[in-house]
Amino acid sequence: QVQLVESGGGLVQAGGSLRLSCAASGGIFIITAMGWYRQVPGKQRELVASIISFGPTNYADSVKGRFAISRDYNKNTVSLQMNSLKPEDTAVYYCYARLNIRGRSQDDYWGQGTQVTVSS
């Protein structure tokens, strides 16, 4: 079935950069939107950034000007370039996709998560 696989997480110092990537595979589908969410223990999962296919982007206020989301439409991937990282960016980051499998209705899919840790 459909899988979203993330990569690129790790440990960086405050002010540093990381680039997360996520690839969708496992079927014939049309992606409506992709994005990145993050979650820390005891907190709700929150939207970081999203992008409508061939359309606009949306960012959480806390990351505007620092993060950039992009798609490679030929590879069914989404990336998140994270610059000027802060300790409060530390979280598990989850890839998200809204897609339609063949002629069926749209559904939401999630990756397994990748840890991002920013040290001060």
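The first residue of the sequence shown is numbered 1, and numbering continues consecutively from there.
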For T90 and V40, which heavy atoms make the closest approach, and how far apart are they?
->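 Looking at all heavy atoms of both residues, the closest pair is O-CG1, 3.1 Å.
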
Do F29 and R102 touch side chain to side chain, with heavy atoms closer than 4.5 Å?
->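 No. Closest side-chain heavy atoms not under 4.5 Å.
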
N76 versus I31: any side-chain heavy-atom pair under 4.5 Å?
->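 A side-chain contact exists here, since the closest heavy-atom pair is under 4.5 Å.
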
For residues 8-21, dump all side-chain donor-acceptor pairs below 3.5 Å to protein atoms at least two apart in sequence or in another chain.
from : atom 1 : to  : atom 2 : distance (Å)
S17  : OG     : N83 : OD1    : 2.9
R19  : NH1    : Q81 : OE1    : 3.2
S21  : OG     : S79 : OG     : 3.3

Which residues pass the side-chain hydrogen bond (donor to acceptor under 3.5 Å, both in side chains) test with T57, sequence neighbours left out?
->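 In terms of side-chain hydrogen bond (donor to acceptor under 3.5 Å, both in side chains), with neighbours along the sequence ignored, T57 is linked to no residue.
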
Which residue pairs pass the disulfide bond (SG atoms under 2.5 Å apart) test with at least one member in residues 61-120, sequence neighbours excluded?
->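 Sorted pair list: C22-C95.
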
Could you note down all residue pairs passing disulfide bond (SG atoms under 2.5 Å apart) where residues 28-79 supplies at least one of them, sequence neighbours left out?
->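 Pairs touching residues 28-79 that pass the test: none.
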
Should I101 and I28 be marked as a side-chain contact (heavy atoms from CB on, under 4.5 Å) after you check the CA-CA gap, both sets of side-chain angles, and the distance that decides it?
-> CA-CA 6 Å; I101 300 177; I28 301 173; over 6 Å; no

With [X], which residues qualify under side chain to side chain contact (heavy atoms under 4.5 Å, CB included), at least two apart?
X   : result
Q44 : none
A97 : L4, M34, L99
F54 : Y73
E88 : K86

[atom1]-[atom2] distance between [X] and [Y], expressed to the nearest 0.5 angstrom:
X    : Y   : atom1 : atom2 : value
Y109 : Q3  : OH    : CD    : 11.5 Å
R38  : M82 : CZ    : CE    : 9.0 Å
L47  : N58 : CG    : CG    : 6.0 Å

Passes side-chain contact (heavy atoms from CB on, under 4.5 Å), T114 versus V92? Steps please.
-> CA-CA 5 Å; T114 185; V92 177; over 6 Å; no

Salt bridge (charged side-chain N to carboxylate O under 4.0 Å, His left out) pairs, two or more places apart, involving residues 108-120 =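 The answer is R98-D108.
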
Is there a donor in the side chain of R71 and an acceptor in the side chain of S53, or the other way round, less than 3.5 Å apart?
->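 On atom types as modelled, these side chains qualify, holding a pair under 3.5 Å.
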
Any side-chain donor near an acceptor of the partner, E6 and Q112, under 3.5 Å |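 Looking only at side-chain atoms, Q112 and E6 do form a donor-acceptor pair, the distance falling under 3.5 Å.
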
For Y96, check ring pair (Phe, Tyr, Trp, His ring centres under 6.0 Å) against everything at least two apart and list the hits.
->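 Once residues adjacent in sequence are excluded, the partners of Y96 under the ring pair (Phe, Tyr, Trp, His ring centres under 6.0 Å) criterion are Y37, W110.
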
Any donor-acceptor N/O pair, Y94 side chain to G35 backbone, under 3.5 Å =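 Answer holds: no.
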
Summary of side chain to side chain donor-acceptor pair (under 3.5 Å) pairs that have at least one residue in residues 25-36, sequence neighbours excluded =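 Non-adjacent pairs meeting side chain to side chain donor-acceptor pair (under 3.5 Å): T32-Q106.
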
Sequence neighbours left out, what passes salt bridge (charged side-chain N to carboxylate O under 4.0 Å, His left out) with R66? Give chain and number order.
->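 With sequence neighbours excluded, R66 shows a salt bridge (charged side-chain N to carboxylate O under 4.0 Å, His left out) to D89, given in chain and number order.
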
